[in-house]
Amino acid sequence: MTENSSQRPDSRGPNAAAPADLPTQYAPAEVEEELYERWVARGWFEADAKSDKQPYTIVIPPPNVTGSLHLGHAFQHTLMDALTRRKRMQGYESLWLPGMDHAGIATQNKVEQQLAEEGKSRQDLGREAFVERVWQWKEEYGGKILGQMRRLGDGVDWTRERFTMDEGLSRAVQTVFKQMYDDGLIYRAERIINWCPRCLTAISDIEVEYQEDDGELVSIRYGGGDGEDDSVVVATTRAETMLGDTAVAVHPDDQRYAHLLGRHIKLPLTDRTIPVVADEHVDPEFGSGAVKVTPAHDPNDFAIGQRHGLPALTVMDERGVITAHGPFEGLDRFEARSSIVAALREQGRITAEKRPYTHSVGHCSRCKTTIEPRLSMQWWVGVGPLAQAAGDAVRDGRVKIHPAEMSARYFDWVDNMLDWCISRQLWWGHRIPVWYGPDGEVRCLGPDEQPPTGEGWTQDPDVLDTWFSSGLWPFSTLGWPEQTQDLAKFYPTDVLLTGHDIIFFWVARMMMFGLYAMDGTAPFHTIALTGLVRDDHGKKMSKSNPNSVDPLDWMNAYGADAVRFTLTSGANPGADVPIGEDWVKASRNFANKIWNATRFALMNGATVQGPLPQASELGATDRWILSRLNSVVAEVDGHYDDYQFAKLSDALRHFAWDEVFDWYVELSKTTFAVGGRPAEVSRRVLGEVLDVMLRLLHPLVPFVTESLWTTLTGGESVVVTSWPADSGFRDVAAEQEIATLQDAVTEVRRFRADQGLQPGQRVPARLSLTGSPLASHEDAMRQLLRLQPEGEGFHATASLPVAGGTVELDLSGVIDVDAERKRLTKDLDSAEKELRQTTAKLGNEGFLAKAPDHVVEKIRERRSTAESDIARLQQQLDRLPTA
RNA sequence: GGGCGCAUAGCUCAGCGGUAGAGCGCUUGCCUUACAAGCAAGAUGUCACUGGUUCGAUCCCAGUUGUGCCCACCA
């Protein structure tokens, strides 16, 4: 783009009293930061717990301190910001509470990586120093997120910023833990858990990501040591676990192995023999129908072991290194796997090998290491009654899920939830408030209780799953367990807006904890679920993908408003949101268009002062735009109530650009030129329309609207002004009249374009509007169509149909007969087609008998329109001079 | 293996039992005194396929194919 408008000579007329402070292009970067700091300094985002206003509360899904905000955050933040800004304008005590999550395992991993670069481990530092180091890290990097939120324009209450490791929130964690422990909902048990051999901690079931990996499936012959009849083939993808086998299981009805039941067979590579047991879990159709049982290293095997009283033999340590005595001791699990297979092969015990064998393997969602199921003593939440309550709250309608289809996913989870492993063998997080005494005594402490003194008492070294504290977020952030004013005023919150990817991690847990700790009051009444942000070809955006975009880059290039508007435009409920740079540019263009339209209004003395003129003083265009304006207010409100952000964005863009800017503003130019009372009225109406429009747009694009609204109205800030209300004013007649005008102008423009007439070329012409509803718009039409008063020597006539009549346009000069014939013929063809279709339809008895009246009537109208069009077009064709 | 969803213009997506829509892109003509980040006009679709219901199906039903996501889990 080499062209730069500022370098062109300014050809504006002398009447253009352009405000010197309003350049022809909107420059977001120059104003956004200043505006934001002003909003914060004035305290407009701060909610008052003592106010009489009705509260409206959203707590932010706390971003992890580990990262920076990506477009997904920008997306959700924009929607939450829009919701809370609108409610604030509507007169609610609107609170959007910000904060961050300590993100236990994720953050610990980051800091450990940092240490590794220094050649150190967390063990080198020791627990206390390591935790101190993580706090430093949090101070340093947490600020980046806050800066991004400011840049985006998030209207959050910074005085209420929270962090899940804050003292107050930690008290909440300990209080809930103690209460649940006393209620028997938290217990300690030794079970198979998902163990990450790299993070060296247990993780919960949903922190495991399954993916298809290429492995191997080897079939091993067990038994057969003394007699030929006791051998059985089992298959495994984890051959190393055979060292811990304590049985072979077969289906109880499987006749092939009936003779082996109760007998012991030799376990290869060991000096042990193991029993053959019968268990329903075994699928006789799968493989050989016999399965090796390793209770200490597989969840299903553990269950079989429990049913048959089998011993659980641990053969690997926490790093996945073989501990079983023998030739494989000290080998890593994957080395051991190939060594063991090789050894078995040598002994002739391998009956089949399938390689590669693609199967689903669990990985640590944090570091992608292959999970090792491991028998371990951990703390658990017994979720039964909590999950039941969480499901019921949605089932009985106390909590609504948007879009409703997503509730199936929620129910699927809460109705089948297994107990939740909450202890983590990490250092960063809330320490489990349990102490063990010298005599095996166990004591769970509340926040105000002193740790037991005396020899031999030690605290449990583990910390809680990070989602334990985020599950308390809707009330812990408001001061619970203290009965604070905030809690009384703002709990329960109104809407939870978050991605559908954390329904299980976070949403369900907040439901459980909220209902449990807050006496059955759910933490929010609406769950609004969003999709993921994708690139402009629908591909998933992730940090590892090259398509990943830092929202800051786009905000710097095009403004925060442009990014925000693009995101809301794509926000269909629950659906993924594609975004591309071209679309952000288009939104930037929209912001600039608003800027310039307002600039035009200011140059022409649009005003917001004083009451609107009486209806009797309003012209048809004024009544039309005010009618439309109020319809749009109602429409936007409806879309907000349904969380239809894409629809409300479209409605506003369409109204602003296609109606206000392209028509009302253009028509007003003629009015202003003529002057007098109509011009005064129009200035006031234009001011009104822009005032309301800017307020409607503000929650989506806060910066440009703030700049313009304060300039236009002289008001202090659009942030604290009122949300527009539908006055109820509608004028159907005016809307129809303007629609007719638009049709007429468009039709003439089309005629001109087909004729190859230059748009700027003033054409001598006669407009015959007598008796037409458009008579009063003649000046405007001449302006829009660039027609001069009558010239001389008319040669040709164009007769243009519009709703309710015909516009006769006589052009001087020689028109292009071929072009005109082509145009008329084309129109004639489509009119004839229309006639055929409607006639056929009206000749259909079934249609006449069963179709609703208004449909039949509509078809009749279409047919008669087609008939008259054909007659007129035919006549015009006949009138054309032959070449 | 179970569940949910999707298939509409070149791209990304709305829509919907009664003449197919938007944004971007594309074509043509324009700096028309708010804006070239703009204005005007225009082109483009067997609404995945096959059946069924209906006076009428892009829309409802069944099946097919393709595709996405979630859950379970494969010894």
Side-chain angles (χ1 to χ4, degrees), chain A residues 1 3-5 8 10-16 18 22 24-26 210 217 234-238 249 281-283 286-288 290-294 298 300-301 359-360 362 405-406 408-409 412-413 416 500-501 503-504 531-532 534-538 558 566 569-570 572 574-580 582-583 585-604 646-647 650 653-654 661-662 665-666 669 746 749-754 756-761 783-784 786 833-834 837-838 841 844-852 854-856 858-859 862:
Chain A
M1 188 69 59
E3 223 169 343
N4 185 332
S5 62
R8 296 202 316 271
D10 189 349
S11 53
R12 256 183 275 125
N15 63 325
L22 229 49
T24 60
Q25 285 191 358
Y26 171 53
Y210 286 90
L217 181 69
V234 297
T236 180
T237 54
R238 294 159 66 214
H281 166 77
V282 180
D283 177 6
F286 189 96
S288 65
V291 56
K292 61 192 276 305
V293 181
T294 323
D298 183 275
N300 290 321
D301 293 4
H359 63 135
S360 161
E405 303 89 81
M406 284 288 176
R409 202 175 284 190
D412 181 47
W413 169 250
N416 300 293
H500 62 65
D501 54 331
I503 293 175
F504 310 143
L532 275 44
R534 295 175 175 272
D535 74 8
D536 50 2
H537 283 83
Y558 307 110
T566 310
S569 298
N572 289 301
D576 289 345
V577 185
I579 186 169
D582 283 350
W583 306 346
K585 276 187 202 171
S587 298
R588 182 273 312 264
N589 294 353
F590 178 47
N592 192 54
K593 186 74 181 176
I594 300 167
W595 177 269
N596 274 295
T598 309
R599 189 164 158 268
F600 168 85
L602 291 166
M603 286 163 58
N604 285 282
K647 286 194 170 61
D650 283 351
R653 191 188 40 70
H654 174 257
F661 303 157
D662 283 351
V665 164
E666 292 304 320
K669 285 176 180 173
T746 301
R749 280 173 176 163
R750 186 182 155 216
F751 173 79
R752 288 185 57 125
D754 289 344
L757 293 167
Q758 301 290 303
Q761 188 181 340
Q783 164 67 21
L784 291 170
R786 321 247 169 251
K833 186 180 170 195
E834 176 79 352
Q837 284 176 350
T838 49
K841 198 134 205 181
N844 182 326
E845 283 174 29
F847 172 73
L848 292 176
K850 298 195 178 174
H854 71 274
V855 173
V856 177
K858 209 167 133 189
I859 303 288
R862 277 169 47 199

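Residue numbers begin at 1 in each chain, while the letters A, B, ... track the order of the sequences.
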Exercise for the section: Compare side-chain N and O positions of K647(A) against OP1 and OP2 of G15(B) and report whether any pair is under 4.0 Å apart. Expected result: yes

Problem - Span that lies between the P atom of A48(B) and that of A57(B), in whole angstrom - result: 15 Å

Practice task
Would you mind classifying the nucleic acid contact of V293(A) as base, sugar-phosphate or nothing, using non-hydrogen atoms under 4.0 angstrom?
Solution key: nothing

Handout entry: Exercise: identify the closest heavy-atom pair between N592(A) and Q25(A)
Key = OD1-CA, 3.4 Å

Problem - Pairwise P distance, G66(B) and C60(B) [rounded to whole Å] - result: 22 Å

Practice task
Have a look at V665(A) and say if it touches a base, only the backbone sugar-phosphate, or nothing, with a 4.0 Å heavy-atom cut-off.
Solution key: base

Practice task
Tell me what E834(A) touches on the nucleic acid: a base, only sugar-phosphate, or nothing, going by heavy atoms under 4.0 Å.
Solution key: base

Exercise for the section: Select base, sugar-phosphate, or nothing to describe what T746(A) touches, counting heavy atoms under 4.0 Å on all strands. Expected result: sugar-phosphate

Handout entry: Minimal non-hydrogen separation, D576(A) against L532(A), with atom names
Key = OD1-N, 2.8 Å

Problem - Gap between atoms NZ and P, on K669(A) and C35(B) respectively (whole Å) - result: 8 Å

Exercise for the section: Select base, sugar-phosphate, or nothing to describe what H500(A) touches, counting heavy atoms under 4.0 Å on all strands. Expected result: nothing

Practice task
Please work out if S360(A) contacts a base, only the sugar-phosphate, or nothing of the nucleic acid, heavy-atom cut-off 4.0 Å.
Solution key: base

Completion exercise
Closest non-hydrogen atoms of K585(A) and Y558(A), given as atom of the first, atom of the second and distance, are CE-OH, 3.1 Å

Handout entry: Gap in Å between the two C1' atoms, one belonging to A43(B) and one to G10(B), rounded
Key = 12 Å

Exercise for the section: Look at all strands and tell whether T598(A) reaches a base, only sugar-phosphate, or nothing, counting heavy atoms closer than 4.0 Å. Expected result: nothing

Practice task
May I ask you to verify if any side-chain N or O of K585(A) is less than 4.0 angstrom from the OP1 or OP2 atom of G23(B)?
Solution key: no

Practice task
Scan Y558(A) against the nucleic acid and name what it touches under 4.0 Å (heavy atoms): base, sugar-phosphate only, or nothing.
Solution key: nothing

Exercise for the section: Could you state the atom-to-atom distance from CH2 of W583(A) to P of G10(B) in whole Å? Expected result: 16 Å

Handout entry: side-chain N/O N589(A) vs G38(B) OP1/OP2, d < 4.0 Å
Key = yes

Exercise for the section: Determine the Euclidean distance between corresponding P atoms of A14(B) and A9(B); express it in Å to zero decimal places. Expected result: 12 Å

Exercise for the section: Using the P atom as the reference point in each nucleotide, state the distance between C6(B) and C16(B) in Å, no decimals. Expected result: 12 Å

Handout entry: Close side-chain approach of M603(A) to R599(A), heavy-atom, < 4.5 Å
Key = yes

Practice task
For G17(B) versus U32(B), give the span between their C1' atoms, rounded off to a whole number of Å.
Solution key: 46 Å

Handout entry: Nearest-neighbour nucleotide for the N572(A) side chain, C74(B), C13(B), G23(B) considered
Key = C13(B)

Practice task
Determine the contact category for R862(A): base if any of its heavy atoms lies under 4.0 Å from a base atom, sugar-phosphate if only primed atoms, P, OP1 or OP2 are that close, otherwise nothing.
Solution key: base

Problem - Verdict with reasoning, F504(A) to R409(A), per side chain to side chain contact (heavy atoms under 4.5 Å, CB included) - result: CA-CA 9 Å; F504(A) 310 143; R409(A) 202 175 284 190; 3.8 Å; yes

Handout entry: Pairwise side-chain contact, V855(A) with F847(A), heavy-atom cut-off 4.5 Å (strictly under)
Key = yes

Problem - Gap in Å between the two C1' atoms, one belonging to A40(B) and one to G45(B), rounded - result: 25 Å

Exercise for the section: For D501(A), answer base if it contacts any base atom (sugar-phosphate contacts may also be present), sugar-phosphate if it contacts only those atoms, and nothing otherwise; contact means non-hydrogen atoms under 4.0 Å. Expected result: nothing

Completion exercise
Side-chain contact check for R599(A): nearest option of A41(B), A34(B), C24(B) is A34(B)

Practice task
Indicate, with a heavy-atom threshold strictly under 4.0 Å, whether A597(A) touches base, sugar-phosphate, or nothing.
Solution key: base

Practice task
Would you kindly check whether a donor in the side chain of T24(A) faces an acceptor in the base of C35(B), or vice versa, at under 3.5 angstrom?
Solution key: no

Practice task
Quick one: label R588(A) by what it contacts on the DNA or RNA (base, sugar-phosphate, nothing), any heavy atom closer than 4.0 Å.
Solution key: base

Problem - Electrostatic pair D301(A)-K292(A), nearest N-O below 4.0 angstrom - result: no

Practice task
Taking atom P in both U19(B) and G56(B), compute the distance separating them and give it to the nearest angstrom.
Solution key: 16 Å

Exercise for the section: Measure the distance from CG on N596(A) to P on C35(B) and round it to the nearest whole Å. Expected result: 6 Å

Exercise for the section: Indicate, with a heavy-atom threshold strictly under 4.0 Å, whether F661(A) touches base, sugar-phosphate, or nothing. Expected result: base

Handout entry: Interatomic distance, E405(A) CD vs G3(B) P [rounded to whole Å]
Key = 17 Å

Exercise for the section: Could you tell me whether D650(A) contacts a base, only the sugar-phosphate backbone, or nothing, with contacts defined as non-hydrogen atoms closer than 4.0 Å? Expected result: nothing

Handout entry: P852(A), nearest nucleotide to its side chain (from G18(B), C55(B), A34(B))
Key = G18(B)

Fill in the blank from the handout: Between CZ of R534(A) and P of C13(B) the distance, given in whole Å, is 9 Å

Handout entry: Listed nucleotide nearest any side-chain atom of D582(A), set C24(B), G23(B), C71(B)
Key = C24(B)

Completion exercise
Nearest heavy-atom approach of L217(A) to T237(A) is CD1-CG2, 3.8 Å

Handout entry: Shortest side-chain distance from V855(A), nucleotide among A41(B), G23(B), G18(B)
Key = G18(B)

Exercise for the section: Establish whether the base of A34(B) is bridged to the side chain of E666(A) by a donor-acceptor pair shorter than 3.5 Å. Expected result: yes

